Amino acid sequence: MVDLTQVMDDEVFMAFASYATIILSKMMLMSTATAFYRLTRKVFANPEDCVAFGKGENAKKYLRTDDRVERVRKAHLNDLENIIPFLGIGLLYSLSGPDPSTAILHFRLFVGARIYHTIAYLTPLPQPNRALSFFVGYGVTLSMAYRLLKSKLYL
Amino acid sequence: MVDLTQVMDDEVFMAFASYATIILSKMMLMSTATAFYRLTRKVFANPEDCVAFGKGENAKKYLRTDDRVERVRKAHLNDLENIIPFLGIGLLYSLSGPDPSTAILHFRLFVGARIYHTIAYLTPLPQPNRALSFFVGYGVTLSMAYRLLKSKLYL
Amino acid sequence: MVDLTQVMDDEVFMAFASYATIILSKMMLMSTATAFYRLTRKVFANPEDCVAFGKGENAKKYLRTDDRVERVRKAHLNDLENIIPFLGIGLLYSLSGPDPSTAILHFRLFVGARIYHTIAYLTPLPQPNRALSFFVGYGVTLSMAYRLLKSKLYL
């Protein structure tokens with residue numbers, strides 16, 4: 001029987017696990033940021049969420065949108081759209097026997113670029129800060145996809 | 001050569017596979033729920049979807065939003081935002097050699113909390129039902145992330 | 001110690017890695033398509049994105065929505081909602097020792113259906129082109145979930 005705890009002794013896989021966990025935890029912070037802005041700005045999406053702030057018609061005025069809340073939600077959705085390909089492709093790439101230092105460079109660049117992307121989106125920093133950090137993360141993921149398909153394509 | 005069918009003999013990994021498959025299947029039901037409400041309430045997002053209900057200007061009146069449809073879509077998006085970190089972190093955590101009963105407790109709590117979250121969102125139940133089930137799932141995922149990074153951090 | 005590079009010698013797993021990488025790369029193209037339409041149609045979601053096109057009030061007129069951009073975004077979100085269950089369930093199914101030709105048929109059908117779904121959504125083709133391609137992908141994922149739970153259920 002395979003002792004699964006040994007899988008984690010692989011250097012690349014362990015590094016992937018660490019970076020993936022860090023960037024997923026960062027993504028989860030976006031939910032907390034949305035909740036924080038919804039509560040402090042009294043901006044809600046559902047009638048049952050604002051009953052504590054008033055009754056009947058008085059509560060309905062909190063069912064609105066807010067630029068700050070929408071900004072956090074757009075950053076969160078952009079995270080979903082980019083971190084999912086990184087997770088899927090990165091996991092398979094890690095198992096395809098890449099050079100460890102090349103692989104870890106990919107993971108570091110991706111995680112750094114996505115953290116910078118969030119800072120650029122929420123501050124907001126002037127463009128092209130956000131666009132460049134988006135394309136760094138995008139390029140890293142495509143580079144892993146290319147290396148994986150080049151070495152292991154099987155259709 | 002590694003016999004991959006043996007990977008599934010690991011107790012924690014098999015439990016993770018079962019719970020992950022169950023919660024992903026539940027998430028897929030949200031698509032069906034959206035389609036059901038769109039068809040029964042005649043609420044569509046694209047012109048080509050409502051040609052069966054009328055022609056020209058007559059069809060355009062079905063391109064609208066509806067509270068019930070939006071509620072299902074928000075519950076679905078919340079699932080995406082929370083089930084993805086569970087999948088990624090849970091998979092890596094399962095491979096890191098956790099105590100089986102602790103690991104399975106994590107999986108059960110998460111799946112139970114997310115099913116309750118959907119019920120609370122769609123009924124809707126008064127708050128804090130939905131908020132509490134959200135935070136249980138959130139806390140379970142963070143707990144797995146913490147245990148994983150504590151035992152296997154490699155940057 | 002497990003030599004992880006051997007994991008990729010498994011026929012089903014290698015096929016899953018290839019098809020998953022292809023469909024994730026296709027999904028990433030949706031980001032590029034959104035950016036393309038935003039730039040060519042001058043339709044932006046954030047004030048900092050359109051400063052290059054004018055100053056002050058003159059720039060604000062580009063903060064709008066556009067049918068073409070919204071269509072790409074809806075296709076992208078539908079990809080997220082369907083490709084994530086395929087990734088999670090497909091990975092676990094690949095590890096559960098399925099018959100190789102059955103497994104590869106599942107992967108091919110899913111990838112073909114999702115590519116056709118994108119074509120049907122963006123062209124747009126008349127219904128039920130999009131609905132049928134959606135249900136093929138949906139059925140393939142549920143079929144993998146059923147086979148996985150039937151052979152490896154462990155709660």
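All values derive from a computational prediction rather than experimental measurement. Lettering of chains follows the sequences in order, A, B, ..., and the numbering in each one begins at 1.
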Novice: If you take all heavy atoms of Gly88(B) and Leu24(A), which pair is closest and at what distance?
Specialist: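 Scanning both residues, the minimum pair turns out to be CA-CD1, 3.9 Å.
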Novice: Could you tell me which portion of Phe134(B) (side chain, backbone, both or neither) has an atom closer than 4.5 angstrom to a non-hydrogen atom of chain A?
Specialist: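 When you check distances to chain A, only side chain atoms of Phe134(B) fall under 4.5 Å.
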Novice: More than 12 non-hydrogen atoms from neighbouring residues, nucleotides or ligands closer than 6.0 Å to CZ on Arg73(B), yes or no?
Specialist: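 Not buried by this count: 12 neighbours or fewer within 6.0 Å.
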Novice: Mind jotting down which residue pairs meet the ring pair (Phe, Tyr, Trp, His ring centres under 6.0 Å) criterion with at least one end in residues 65-86 of chain A? Sequence neighbours excluded, please.
Specialist: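 Checked against ring pair (Phe, Tyr, Trp, His ring centres under 6.0 Å) - neighbours excluded - the pairs reaching residues 65-86 of chain A are Phe16(A)-Phe86(A), Phe86(A)-Phe110(A).
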Novice: Check whether Met28(A) gets within reach of chain B through its side chain, its backbone, both or neither, counting any heavy atom under 4.5 Å.
Specialist: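 Both the backbone and the side chain of Met28(A) come within 4.5 Å of chain B.
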Novice: Does Leu80(B) reach the side chain of Ile84(A), with side-chain heavy atoms less than 4.5 Å apart?
Specialist: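 Answer no - side chains too far apart.
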Novice: Does any part of the side chain of Glu48(A), heavy atoms only, come nearer than 4.5 Å to the side chain of Pro126(B), both counted from C-beta?
Specialist: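 Result no, sub-4.5 Å side-chain heavy-atom pair not found.
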Novice: Grab the two heavy atoms, one from Leu92(B) and one from Ala20(A), that are nearest each other, plus how far apart they are.
Specialist: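 For Leu92(B) and Ala20(A), the tightest heavy-atom pair comes out as CD1-CB, 4.0 Å.
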Novice: Ile23(A) versus chain B, heavy atoms under 4.5 Å apart: side chain, backbone, both or neither?
Specialist: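 Neither part.
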Novice: Does the side-chain contact (heavy atoms from CB on, under 4.5 Å) test come out yes or no for Leu87(B) and Leu87(A), once each step is laid out?
Specialist: CA-CA 10 Å; Leu87(B) 280 184; Leu87(A) 280 184; over 6 Å; no
Novice: Under the criterion side-chain contact (heavy atoms from CB on, under 4.5 Å), I'd like the reasoning laid out for Met144(B) against Thr21(A): C-alpha separation, chi angles, the key distance, then a yes or no.
Specialist: CA-CA 9 Å; Met144(B) 293 194 300; Thr21(A) 304; over 6 Å; no
Novice: Less than 4.5 Å apart, side chain to side chain, heavy atoms only: is that true for Lys74(B) and Asn46(A)?
Specialist: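 A side-chain contact under 4.5 Å exists here.
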Novice: Are the side chains of Leu91(A) and Leu91(B) in touch, meaning some heavy atoms are under 4.5 Å apart?
Specialist: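 Heavy-atom side-chain distance check passes, below 4.5 Å.
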Novice: Inspect the surroundings of CG in Asp66(B) and state if more than 12 heavy atoms from other residues, nucleotides or ligands are less than 6.0 Å away.
Specialist: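 Yes, the 6.0 Å shell around CG holds more than 12 heavy atoms from other groups.
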Novice: What part of Ala15(A) gets closer than 4.5 Å to chain B, counting heavy atoms only: side chain, backbone, both or neither?
Specialist: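 Interface part for Ala15(A): both.
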Novice: Under a 4.5 Å heavy-atom cut-off, does chain B meet the side chain of Ile83(A), its backbone, both or neither?
Specialist: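 Ile83(A) has no heavy atom closer than 4.5 Å to chain B.
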Novice: Strictly less than 4.5 Å between heavy atoms, which residues of residues 29-44 of chain A line up against chain B? Please order them by number.
Specialist: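 The list, in residue order, reads Leu29(A), Ser31(A), Thr32(A).
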Novice: Side chain, backbone, both or neither: which part of Leu149(B) has a heavy atom under 4.5 Å from chain A?
Specialist: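 Side chain of Leu149(B) only, per the 4.5 Å heavy-atom cut-off to chain A.
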